[in-house]
Every structure is written in C-alpha cells, then in structure tokens.
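All residue numbers refer to positions in the sequence shown, counting from 1.
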Amino acid sequence: MKDRLLVAALLFAAAFIRGVYLLTPSLDSDEAVVGLMAIHILRGEYPIFYWGEPYCGPLESYLAALFFSFFGPSPLALNLAPAVFSLLFLFAAYRFARIAFGRETGLVSLLLLALGPPFLVWHSVLARGNYIENLFFGVVLMALVVRILRAGSEAARWRGLCIFAFLAGAAWWVSFQSVHFLLAGGLVLLAGLGRSLLDRRALAAVGFALLGSLLFWIYNVRHDFASLAETGRYMTPLPLDSSLKVFLLVKLPSILGMPMAEMARSYSPTVNVLGTLLYSGAMIMAAGMLFRLMLTANRRRTGEALGLGLLLSFTAIASAIIIARYNSGGVTRYFLVFYAVFPLFLALILVKIGGQQPRLAQGAALLLISVNVWGTVAGADALWPDRRDAHRGRVIAEGEMIAGLRARGLEAVFATEYWEFFRSNFTSGEDPVFAIPVLNHSGNKYPMYTRFALSLNAVPYIWHSGAGSFRAALRGVGAGYTEERAGPYRLVSALRPSVGGFEEISPTGWRVETPAAPEGVQWMLDGNPETHWDSGAPQMAGWAIQVDLGRIETLGMLVVEPGPVPEDVPARFEVRVSPDGTAWDVAVPSHPFVLPLRWEGGNLLVDEQMIVRVVLPSVAARFLEIRLTAPKPFHWRVSMLRIYRVAGVDGEPGSG
C-alpha cells in the first residue's frame, strides 16, 4: 500500500510539472501536422502514417483526435496526447526497473524521470510524432523480455513471446526508432532461449509480429516500400571522429543536464558535463556488475543480469546506429531514446551504493535532482513573466493576422516559411488555407493545400519574416505587387507580370567567354538540361560569363539554370551590358540570389529549382555579362543560359 501511494505521488508530481509546461502550450509546424491530422481523422480520414513521413504511425494524432472530440482543437488539447503517454512511459519504466532490479530501484527510477531531466519534461508535452510513445513501447518490450526469460513454464514463455512479437510489430509501425529496442530485446532473447526458438510455435510469434505491424505492410505493399526509401533522406553520416565528438561532448551532455540550445534556453556546459559524468560512471559500474554476474552460473538468469544485459545492449546498439547513421545537424530529440536506460542505470547504482555509503548516494541523488528541478523550472515559460507575455503576444499576433485575412474574404494564401504555414492552418482551422507554393517540396507534407490554392487565381503571399527577400525576388522577375499589413504580418497581393512579353533569342552565332573551362561552353547553349558547363573550381568574385549576341538586341530577361547541384547558383552577382564590348553599364546592380519565381496561370510560384531569373530594364545592347561579386565554395555550373528580347522589338545587325 505504501509503495502504491509513493508511485501515485510521483506520477502526480510528474503530471503537475508537465501541466506547468502546458500552460503555455507549444505549437510549431511539426506539431501542427499532428493536430491537423487529428482534425482530419474526426472528419473520417484514417491515415496509416504521418503526412510526408511514411515511417511513423500517427498514434499521437489518433489520441489527439479523441481529446479534440471532447475539448475542441487547440494547442493544449493537442499536447495532452504526448503528456498522457509520458505518464504511461514513467509507470512502465518503474515496472521494468522493479521487475529487473527490485523495489527500491524502481522507485528511484521513477523519481529521476518524474522530476526531469528538463529536455525530457519539455518533450513530454510536444506533439512532434511519437518520441514519447517510442519510449513507452521500448520499456514495455524490455520488461516483457525479462518476464519471458524468467517464465515458470514453457506455455507462459511462448505466450510472452507472442505478446512481445505483436508489440514489437506495433512499435515498428509507430516509430522506426524502435529498432534500438527491437535489436536489444531480440539479442537478449536469442542469447537466453537459444535452440528452444527452433520450434513450430515460433511461426505463431512471427504471425503476431506481422499482425502488429499490419498497417506498415499494407501501406508499403501499395507504395513500393516507400517507408524504407524515405528514411534514407535523414541518414547523412558525419565522419566518425566528428560524429563521436558531437555525440559525446555536445548531444549527450545536453539531454542529461540543463536546458540546451534546442530549447532556446540557458545552457550550462559545466552542469551538463557534471551530469554526464554521473550517468557515465553509473553505466561503467553497471557494466562491471553484469560482467561479475555472467561469471556466476546460477545468477545469469536473474532479473538483475537480464535487466543489465538489456540496458547495456540497448546503449551499445543505439549509440552505434546514431553515430554511424543520423548524428548530423543540431537536432537532439533523436537522443530521447536514451531516457529509457540512463536514469535506470543511475537508479540501480545509487541503490547499490546506498547500501554501503548512504551519504554518498544521497548526495549524488540530491545533486542530480537539484539540476533536474532547476533546469525544468528554467525551461518553463509559464513561470517567467517575460516569456509568458511573449507567448501571449505570439498568439494574439497570429489571431490578428487570421482575422485580417478572413475580413478580406481570402480563401487561401501562400506561405513559403515551413514553420509558419502548417501552424497557421491549425490555428485558422484551415480558414483560410495556408499553402506552400511548391508541390514537389520536402516540406510540403500535404500537397492538397497547394492544389486547392492553385485552383484559385491571384493567391497572395503572407510573410512574417523574409518579406525583404521576397520583394527583391519580385523585382528580379519584374512583377508588380501591392503590400499591406495583416497584423504584424505582411500581405503581398495583386501580383502581376511586367507589361509586355519576352521572346527567347536563339543562341546560334553567340560567342561566349568564361572564366575557366572554355571547352565546355557549348553545354550551356545546347538546350539539354542534362549537360552543363563546369568552372572546375569554387566560385570567385570577379569571375564573369560574357556573351556576344552578334547584334544589338533590346534585352528583357536573363535565365541561368544551374548544373546538377542546386547550390551552383551564384551567391551574389551583377549583370552588365555593352553595345560594343568596350563601354559597360550595370543593368542589374550586385545583389544576392533570391527566391526563384515563375508564373503558372494567374499565380506567381516559388520555383522548386534554383533558377536565376533576372528582368532587365529593356536595355539595347549586343554584349551581356554576368559577373560574380562574392565567392562561394561551390563550382559555378550552368546547364542552360537563356537570354530574351522584349517582344515585338527587332534587333539591329552588328559588325563582326
């Protein structure tokens, strides 16, 4: 009875802490996708995977849909979904630690997880797609492994194996990050059961695994196994030495200590390293314990030996996969999986030390809990007036923007900033619809928004930041526009092409000079996008491609398509013209490459290709020069160079 009260009290404390974070509920576009899918589920759509992520089952969206049915769609109701699973994870971790290591370790594990670390608490109320659910499935699977290997009868063992197989299949559908738990659990089961797995009942376990992952197979059979292909986009390995450095010195300390950069909060390297040393010391001691247990024949199947084998196997497997396959970038949330093992390592060692040196164990526990609590308080926006006001201000600003768009009777607007448009769709209830203006774009997880916007004419653009870059892009293609405020946002509408049209000038008879590799000039003029001119070296300021058209033309537009690498476009450049190749005028001053734009019907769209389009001021010239005004560590490659005259204006013959 006493233990039940302690567990209930710790779970209540965990719920209270997470509730404080829910007072200022987070909402970015990743979370908004989860919420929008929940809204669509209530409308009768039943997706198998998250939009644009065919490797992550939308369990969180289905639970959020349940909350929406009671409370209505809101960021708070949305983030209740991971909050509920975070409490289930805490209880499952307690049960696993208790089954494997005993009562005291189970309670200490629950204490360490309930009060932090802050990165875990923060993610416990972020609906970002099954990170917390993966932890829940992981510790449940590890607990099942211990029960299977300690089962009192063969029937109980096979029953446990079938349950494990079914949940393993479901975990695989829910998140590919479950692979760490599946491999660790499978390895320990294989070592513990050995030849006894060569039984026809193993076919039943395989059947249960397929049943648990049935949705995964249904989707992939219909979509040419798109799930496996999609995961490759996120695997961009670092060199081994760099990956180890980031893994050990940046990311692990960040998740085990104070709030880190990803939380946009205070960062304390000293405290984080201290916390990491505590966890690392506990893991080393745990490895020594397992070694001693393995040397004692009658203790190899104890809960302690099995639990340590699982935790250490998981740590080795997860570390190896992350270091080798997806440790690049600044994202640390992939390291959340380690919360299923590190606090349990530490709890076990604290309990062991406490039996001999209670003051040392109590001091270490107090230090870590103090760090956790302070970090959690530092990361809670609701407890800090300036952050609380900033949160309220963002909500009001977005509400004013949406109200302004509705007052104008707009059905849809284009929003090119990923972190804006899904979030705005959730906040507006898809009224109006916010659409990314590019169909084939990695951030366009729900192309139906774009298709709806394209069915309309003259859809305006909404900008929160980046409006200056958009204005420069509009000037570059000679587009007219009207700009007005919608709350703190900028609405760019009445988009219209420049007066008149352009006719492409045939490259026949052109003479082209390049800063390098003159033998490849023909590839930029052959009209074949598969061939290209290559500078053979990184771009340098002062480099120029000069074109002699052979006669005077009234120039209207220049188009430069890059080679096979999108970053081949210049960083900064200017366009100069000359009637005779001697006296040069700057037609387009030096400026950075900005958003590539193109017209499609009545809509001006952001082009998915990095194409340079520059509208010239209707200047008469025979020579044209594209001059780089800044270096760039990419080669300058051009697959197609096109120059256009103003329509209806004849060129004048020029001398040889």
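- Between Trp51 and His40, the gap from one ring centroid to the other is short of 6.0 Å.
- Of all heavy-atom pairs between Tyr481 and Leu474, the closest is CD2-CD1, 3.5 Å.
- Scanning both residues, Ala412 and Val459, for their nearest heavy atoms gives O-CG1, 3.5 Å.
- Put simply, the side chain of Arg511 never gets that close to the backbone of Gly509: no donor and acceptor are under 3.5 Å apart.
- Looking at Ser254, its side chain does come within 3.5 Å of a backbone N or O of Val250 through a donor-acceptor pair.
- Looking at Tyr489 and Glu400, their side chains never bring a donor and an acceptor atom within 3.5 Å of each other.
- Salt bridge status for Glu625 with Arg627: present, with a side-chain N to carboxylate O gap under 4.0 Å.
- Listed for the Lys251 side chain is a donor-acceptor partner under 3.5 Å among the backbone atoms of Asn327.
- For Trp636 (side chain) and Pro515 (main-chain N/O), no donor-acceptor pair under 3.5 Å exists by modelled atom type.
- No side-chain donor from either of Ser29 and Glu420 sits under 3.5 Å from a side-chain acceptor of the other.
- Ring to ring, Tyr55 and Phe49 are not that close: their centroids are 6.0 angstrom or more apart.
- A side-chain donor-acceptor contact under 3.5 Å links Asn528 to the backbone of Glu530.
- A donor-acceptor pair shorter than 3.5 Å cannot be found between the side chains of Asp381 and His391.
- Side-chain polar atoms of Tyr50 and Asn130 form a donor-acceptor pair below 3.5 angstrom.
- For the residue pair Thr531/Asp526, the side-chain donor-acceptor check at 3.5 Å is satisfied.
- For the residue pair Tyr418 and Asp30, a side-chain donor N or O sits within less than 3.5 Å of a side-chain acceptor on the partner.
- A donor atom on one side chain and an acceptor atom on the other are not found under 3.5 Å apart for Tyr131 and Glu60.
- A donor atom on one side chain and an acceptor atom on the other are found under 3.5 Å apart for Asp580 and Ser578.
- Side-chain atoms of Asp568 never come within 3.5 Å of backbone atoms of Arg637 as a donor-acceptor pair (strictly under, hydrogens ignored).
- Taking the six-membered ring for Trp, Phe593 and Phe573 have ring centres at least 6.0 Å apart.
- Separation of the Phe434 and Phe414 ring centroids does not fall under the 6.0 Å cut-off.
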Derivation and outcome, salt bridge (charged side-chain N to carboxylate O under 4.0 Å, His left out), residues Arg490 and Glu483: CA-CA 7 Å; Arg490 311 294 298 189; Glu483 184 175 329; 2.8 Å; yes

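- Between the side chain of Arg622 and the backbone N or O of Val577, no donor-acceptor pair lies under 3.5 Å.
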